[in-house]
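Residue numbers begin at 1 in each chain, while the letters A, B, ... track the order of the sequences. None of the values given here were measured: they were computed from a predicted structure.
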Amino acid sequence: MRWSRTFIPTLKETPSDAEVASHRLMLRAGMLRKLSSGIYCHLPLGQRVIQKVERIVREELARIGAEELLLPVLHPAELWQETRRWDIYGPELMRLTDRHDRQFALGPTHEEVITDVVRGEVRSYRQLPLNLYQIQTKFRDEIRPRFGVLRSREFIMKDAYSFHADEASLGEAYDAYREAYSRIFARCGLDFRAVLADSGAIGGAVSEEFMVLASSGESEVLSCCSCGYAATSEKAAAGALASANAGAGGAQAGAVGEASGQRDGQRDLRRVDTPGKTSAAEVAEFLGVPVARTLKTLVYVADGTPVFVMVRGDREVNEAKLFGHLQAATVRLATPEEIRSETGGPLGFSGPVGLPGMPRILADPNLRGARGSVVGANAADAHLTGMDLERDVPQAEFVDLLQVAAGDPCPRCGASLESSRGIEVGQIFKLGDKYSKAMGATFLDESGAQRTLIMGCYGIGITRTVAAAIEQHHDERGIRWPPAIAPMQVEVVPLAARDPAPMRVGEELYEGLMERGWEVLLDDRDERPGVKFADADLIGIPFRLVVGERGLKNGMVELRADAGRGDAETLPVDGAVATLDARLRQAMGRA
RNA sequence: CGGGGUGUAGCGCAGCCCGGUAGCGCACCUGAAUGGGGUUCAGGUGGUCGCAGGUUCAAAUCCUGUCACCCCGACCA
């Protein structure tokens, strides 16, 4: 590829709306241009990187016996209505209508379509397991696209689906995918880890996400450096928190209030005025008690039914856990009007005591045994003190709904959890029969009995993986591509002066390297050295061969590895192609 | 969806309060010099001032509407 004849529009200035390194560099390196909010054009250099990642994905999936197919972008509404996701998925599902007034969606994921295909063809356990994938453009109408290709509306995804006769077979595929994903991300040069994840809107029981550790990541990971436990913040569990019961020395009371129970358990509920104090922190300060001894009571509405949710005043509810537990089509916080009609009081003063009817109350397990607690009185400007949850709210169900935070005890070993940020580049799910059951995808087993297919699904964000690689491999000068996914392996930089020799030698090296099968960029532009070097630093091709008058006088050219950041190594012109060929084989892992 | 902001040349911006023939830097084109880290000089190309309506002798500028984009937030009682 000759620079003068290709399309690599680099930018000297940084576009003002690019906030993260990958976005900024993809724009500046001429890989990417925005067409519309969250919608991007991938220019030749960007497309090359995408193809590199796709190739690695294809190679590794071939190793585990997955077969590639291609599914449509446009999905008929009826298919999504079968699984109720037409209603559940929400506004992220981009809907449109055709000329006959039929409704469609742009596919954000393809469980419905693949299940439809498979249910039409698979009749027997003899046809199982099936392991299919595609690499295709997905569309999700993100509420707020940002960070370039890290959170865009249109993106390229590899999505795979497996179909099984039983759980054991699903487990084998799931494990194979976990291994394949680890190889894929390692080959892409990423520092990543697999963490336990919530299965969210996709569904299923078991899921792991592959996280690329990066400060710009939008996902929070909680991990234990003592035992290796790691989970997304949506999924993370914690060991028992230190008790905060009254008279127990605050956080010192290890036995969840048992020691102090005699004393505090006898305390009566007492109504106190808390004018205008709606938040747990304000109430605690006003009453002079630790925030941890106040209890928040949140009112949610799940498919039209109110559900009260309680956590400690200083903690937050994990809605992913709540949604997962309730298994409702829609879960949302109640409006102020609904709060008034369900509790009798205004927003900000809700509590679990004296609620009309017998509403469902879910409480964080850390509240088991809570005594001497402060809760809302379901009346304006009033709270109750001295509450004993098990005495005063006997119907409370204890369910883990806690948003775990850094410093909480590890659920496995009790050590302190740490928080870090990551970019989710892949996720694997054991779906079970969620889709196959809803869509009637069945097969006949050995005994002739009709059974529902067991499914798994496995995604990799291709474009996001590219951005994540840049997040991890760049410096102030530009991108430093890992060789396996670099758009090209070598950039030949002749420093053209009046003397035609550097360009002539550059051409020879360029031809020679291409003959050996390498992808080479020849910077044949009539630009000054500074411009060429700056652009080379920016686009980050792993190996750089500089041909200048200075070296040629002694028959030498200059080689720099690590996208030009490495030390210069002078090579005789004659052996340069062979030497570089050997170095490239080594770097690319080709024997 | 709520709040804030911005739309003026390919990119980054000024001009807008205080209406009067649209400007700067980079990029681009031409020429010359230069030639190992974004060089220099000279000359040039390029803009219905997001769109629509209104006020006015006159609108990038004032008013109304609209669209797009960006940032923050989206209910933790």
Please list, by residue number, the residues of residues 546-553 of chain A whose heavy atoms come closer than 4.0 Å to an atom of RNA chain B; answer none if no residue qualifies. A:V546, A:G548, A:R550, A:G551
Mate of B:U30 across any strand shown (Watson-Crick or G-U wobble, both atom pairs under 3.5 Å) is B:A42
Now, which nucleotide makes the Watson-Crick or G-U wobble pair with B:C49, with each of the two distances under 3.5 Å? none
Sidechain N-carboxylate O distance under 4.0 Å for A:R360, A:E397: yes
Of the nucleotides B:G36, B:C11, B:C76, which one has an atom closest to the side chain of A:E13? B:C11
Distance check needed: B:G36 P versus A:L545 CG, whole Å only. 18 Å
For the pair A:K321 and A:D400, find out whether any cationic side-chain nitrogen is under 4.0 Å from an anionic carboxylate oxygen. yes
So what does A:V311 hit on the nucleic acid, given a heavy-atom distance under 4.0 Å: a base, only sugar-phosphate, or nothing? nothing
Inter- and intrachain pairs under side-chain hydrogen bond (donor to acceptor under 3.5 Å, both in side chains), touching residues 529-543 of chain A, at least two apart: A:T10-A:D535, A:R477-A:D537, A:R525-A:D535, A:D537-A:R544
Expected list for residues 495-508 of chain A: side-chain donor-acceptor pairs under 3.5 angstrom, two or more places apart:
| residue | atom | partner | partner atom | Å |
| --- | --- | --- | --- | --- |
| A:D499 | OD1 | A:A501 | N | 2.8 |
| A:E507 | OE1 | A:R2 | NH1 | 3.0 |
| A:E507 | OE1 | A:R2 | NH2 | 2.9 |
| A:E507 | OE2 | A:R2 | NH1 | 2.8 |

Without decimals, in angstroms, what is the distance between A:R560 CZ and B:G37 C1'? 10 Å
Within residues 27-37 of chain A, find the residues that approach RNA chain B with a heavy atom at under 4.0 Å, and present them sorted by residue number. A:R28, A:K34, A:S36, A:S37
Base, sugar-phosphate, or nothing: which does A:D535 touch, judged by heavy atoms less than 4.0 Å apart? base
Short side-chain donor-acceptor distance under 3.5 Å, A:S216 and A:E471: yes
Positions of residues 524-531 of chain A (non-hydrogen atom under 4.0 Å from RNA chain B), listed by number: A:D526, A:E527, A:R528, A:P529, A:G530, A:V531
Considering every strand shown, what is the Watson-Crick or G-U wobble mate of B:G36 when both distances are under 3.5 Å? none
Could you check A:H383 against A:T10 and say which one's nearest nucleotide on RNA chain B is further toward the 5' end? A:T10
Nucleotide paired to B:G7 in any strand shown, Watson-Crick or G-U, under 3.5 Å: B:C67
Atom C1', compared across B:U48 and B:A52: separation rounded to whole Å: 13 Å
If pairing requires Watson-Crick or G-U wobble contacts with both distances under 3.5 Å, which nucleotide is the partner of B:C75? none
Output the single nucleotide from B:G37, B:C26, B:C76 whose closest atom is nearest the side chain of A:R544. B:G37
Check this for me, if you would: do A:R565 and A:D475 make a salt bridge, where the nitrogen-to-carboxylate-oxygen distance has to be below 4.0 angstrom? yes
5' precedence on RNA chain B between A:R498 and A:E19 (nearest-nucleotide basis): A:R498
Flag if over 12 foreign heavy atoms under 6.0 Å of CD, A:E92: yes
Intermediate values then yes/no, side chain to side chain contact (heavy atoms under 4.5 Å, CB included), A:W86 and A:Q103: CA-CA 11 Å; A:W86 183 259; A:Q103 287 192 292; 3.9 Å; yes
By the 4.0 Å heavy-atom rule, please label A:L11 as base, sugar-phosphate, or nothing. nothing
Pick from A:L333, A:V317, A:V399: which one makes a side-chain contact (heavy atoms from CB on, under 4.5 Å) with A:V309? A:V317
Can you tell me how far P in B:U61 sits from the matching atom in B:A9, rounded to whole Å? 15 Å
Got a sec, which residues hit salt bridge (charged side-chain N to carboxylate O under 4.0 Å, His left out) with A:R151, two or more places apart in sequence or on another chain? A:E142, A:E218
Can you check whether A:S36 reaches A:R153 side chain to side chain, under 4.5 Å on heavy atoms? yes
Is there a side-chain contact between A:V49 and A:I470 in this structure, where contact means two heavy atoms from C-beta onward sitting under 4.5 Å apart? no
